[in-house]
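Chain letters run A, B, ... following the sequence lines, proteins first and then strands; every chain starts at 1.
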2 protein chains.
Amino acid sequence: MSDKKPIISNIIDNLRRVFQILNEQSKKVERETGITGPQLWAIKTIHENSPVKVSDLANKLYLHPTTVVGIIDRLEKQNLVERRRSKDDRRVVWIDLTDKGNDLVKSAPEVVQGLLVSGLEEISANNLTEIDRSMKHLVKIFGAQKIAPKLILSTEFNIRQDANIEELDK
Amino acid sequence: MSDKKPIISNIIDNLRRVFQILNEQSKKVERETGITGPQLWAIKTIHENSPVKVSDLANKLYLHPTTVVGIIDRLEKQNLVERRRSKDDRRVVWIDLTDKGNDLVKSAPEVVQGLLVSGLEEISANNLTEIDRSMKHLVKIFGAQKIAPKLILSTEFNIRQDANIEELDK
DNA sequence: TACAATTGATTTGCATACAAACTATATTAG
DNA sequence: CTAATATAGTTTGTATGCAAATCAATTGTA
């Protein structure tokens with residue numbers, strides 16, 4: 001019972017380290033491209049799902065709609081995306097990449113697809129697979145009690161690209 | 001080469017999920033105790049190292065000094081910690097828990113040690129050990145290129161409580 | 001049909017998180 | 001001993017990130 005605590009402490013500590021490392025990657029991308037990690041992530045996701053609703057984008061990014069609104073605001077200010085009010089359902093806002101946004105995705109695909117995680121690309125495929133398995137395990141165990149309840153409320157809450165985590169989906 | 005990318009994508013996605021889950025835990029603690037996850041983390045770390053310099057606290061929390069100043073500001077406003085200008089070196093500020101801060105740590109140890117990760121406590125010791133091993137693996141691989149260089153610049157950058165990650169320390 | 005409940009996006013307020021610039025103090029070099 | 005440099009902490013400005021409240025539009029229900 002009580003001897004779990006140091007283990008939990010270590011897990012959290014190590015997660016914080018990983019956060020830090022990924023954060024540094026993100027800052028590096030920001031220095032090199034002028035846009036932040038989350039913004040890049042959003043642009044990539046918009047590109048893959050264009051046009052996309054704010055709420056769907058939030059689901060795909062695992063972020064709160066509020067947070068996404070802020071990111072979209074800043075991308076719109078840089079003229080990389082644009083908002084379009086839906087005519088079918090006037091509550092809905094469709095988000096699209098502008099020409100400039102598309103240029104960003106196309107002219108530097110490695111920025112969007114790879115540079116974000118450039119630090120990871122040097123890792124061997126075998127080790128990547130192992131890490132992948134570890135992360136699935138983490139998500140499965142951590143997320144079982146936490147994500148599943150959400151699905152009851154919002155069937156759209158995704159877990160999508162990598163759905164073979166033992167059907168948390170349905 | 002190129003087939004690494006979907007794996008990397010999945011890893012990042014899963015990490016984001018874990019972030020979200022831990023974030024929810026943190027919010028839950030905030031609702032229950034009135035102080036946030038990072039604040040709780042800081043209080044616990046101050047308790048274990050009291051009195052501690054701002055810069056050392058930043059190192060122990062893996063955070064930027066600026067960020068720590070903000071957290072300390074808010075803790076001071078709640079009368080949980082206090083600042084004391086060093087007489088030896090008047091640039092240094094020592095941070096201590098107030099009586100109220102000590103009460104918080106002592107009267108509710110499970111809040112500090114366990115509630116932060118209450119969701120994890122229900123997990124079996126075996127599974128925890130497995131997760132722990134996974135995280136060490138992640139940190140070892142992710143961090144090898146990233147943390148090591150820092151040690152050259154700052155010997156204090158820690159990796160402390162759990163130093164048996166193959167001596168990244170020294 | 002009218003009214004309640006729900007949904008989609010936004011606004012507001014706050015807490016992280018960091019970089020860059022700044023202040024004060026201490027150390028080092030010439 | 002003085003000027004340059006380095007260090008410790010803070011201030012300022014910006015970008016996430018979320019909760020709660022709000023507004024508009026749609027859906028469900030009586």
Side-chain angles (χ1 to χ4, degrees), chain A residues 16 19-31 33-42 51-59 61-78 83-95 150 153-157, chain B residues 16-17 19-42 51-59 61-78 83-95 153-156:
Chain A
R16 287 180 71 95
F19 294 180
Q20 293 298 320
I21 293 164
L22 292 182
N23 218 340
E24 279 172 35
Q25 289 298 312
S26 180
K27 297 284 170 187
K28 186 181 159 200
V29 173
E30 184 174 355
R31 281 194 303 274
T33 67
I35 59 177
T36 67
Q39 286 172 10
L40 200 51
W41 196 268
V52 63
K53 294 193 280 182
V54 173
S55 49
D56 288 347
L57 184 56
N59 280 338
L61 296 173
Y62 322 115
L63 292 176
H64 199 278
T66 313
T67 305
V68 172
V69 165
I71 292 173
I72 297 300
D73 283 348
R74 286 178 287 273
L75 289 177
E76 203 176 30
K77 206 176 291 173
Q78 294 175 263
R83 280 182 240 237
R84 189 161 39 82
R85 181 69 64 172
S86 165
K87 282 164 190 163
D88 285 354
D89 183 339
R90 295 191 47 69
R91 292 170 305 180
V92 170
V93 168
W94 293 105
I95 301 168
K150 275 205 173 166
L153 299 177
S154 159
T155 54
E156 272 234 299
F157 195 92
Chain B
R16 289 178 70 94
R17 288 186 189 120
F19 294 1
Q20 294 299 319
I21 293 163
L22 291 183
N23 217 339
E24 278 172 37
Q25 288 299 312
S26 181
K27 297 284 170 186
K28 186 182 161 200
V29 172
E30 183 174 356
R31 282 194 302 275
E32 289 174 7
T33 67
I35 60 179
T36 67
Q39 287 173 9
L40 201 50
W41 196 269
V52 62
K53 294 194 279 184
V54 173
S55 48
D56 288 346
L57 184 57
N59 280 338
L61 296 172
Y62 324 114
L63 292 176
H64 198 279
T66 313
T67 305
V68 173
V69 165
I71 292 173
I72 297 300
D73 283 349
R74 285 178 288 271
L75 288 177
E76 203 176 29
K77 206 175 293 173
Q78 295 176 265
R83 281 182 239 236
R84 190 160 39 83
R85 181 70 63 172
S86 166
K87 282 165 190 165
D88 285 354
D89 182 340
R90 295 192 45 69
R91 292 170 303 181
V92 170
V93 168
W94 293 104
I95 300 169
L153 298 177
S154 159
T155 55
E156 273 234 298

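Within a 6.0 Å sphere centred on CZ of B/R83, heavy atoms belonging to other residues, nucleotides or ligands number more than 12.
For DNA chain D, the neighbouring residues in residues 67-75 of chain B, judged by any heavy atom under 4.0 Å, are B/V69.
Separating the CH2 atom in B/W94 from the NZ atom in B/K53 is a distance of 5.5 Å, to the nearest 0.5 Å.
Candidate nucleotides D/dG9, C/dT10, C/dT6 were compared by shortest atom distance to the side chain of B/K53, and D/dG9 ranks first. Considering only side-chain atoms of A/P65, the nucleotide from C/dA26, D/dT16, C/dT10 that sits closest is C/dT10. Considering only side-chain atoms of A/S55, the nucleotide from C/dG8, D/dC18, D/dT10 that sits closest is C/dG8. Counting only heavy atoms from C-beta on, B/V92 has its side chain closest to D/dG9 among D/dA19, D/dG9, C/dA26. Each of D/dG17, D/dG9, C/dC18 was ranked by its minimum atom distance to the side chain of A/P38; first place goes to D/dG17. The side chain of B/R91 lies closest to D/dT7 when the candidates are C/dA9, D/dA25, D/dT7.
The phosphate of C/dT10 (OP1 or OP2) has a side-chain N or O of A/R83 nearer than 4.0 angstrom. In this structure, B/T36 reaches the C/dT16 phosphate: one of its side-chain N or O atoms is under 4.0 Å from OP1 or OP2.
Across its full length, the helix from C/dT1-D/dA30 to C/dG30-D/dC1 shows an angle of 10° between the axes of its 5 terminal pairs at either end, rounded to 10 degrees.
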### Query
After noting the C-alpha distance and the side-chain angles of A/I71 and A/L63, does the key distance pass the side-chain contact (heavy atoms from CB on, under 4.5 Å) rule?
CA-CA 11 Å; A/I71 292 173; A/L63 292 176; 4.1 Å; yes
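In this structure, the NZ atom of A/K87 is 14 Å from the P atom of D/dT26, given to the nearest Å. Between B/W94 atom CH2 and D/dG9 atom C1' there is a gap of 14 Å when expressed in whole angstrom units. Taking atom CG of residue A/L57 and atom C1' of nucleotide C/dT10, one finds them 15 Å apart after rounding to whole Å.
If A/H64 and B/Q39 are placed on DNA chain C by their nearest nucleotide, the residue sitting closer to the 5' end is A/H64.
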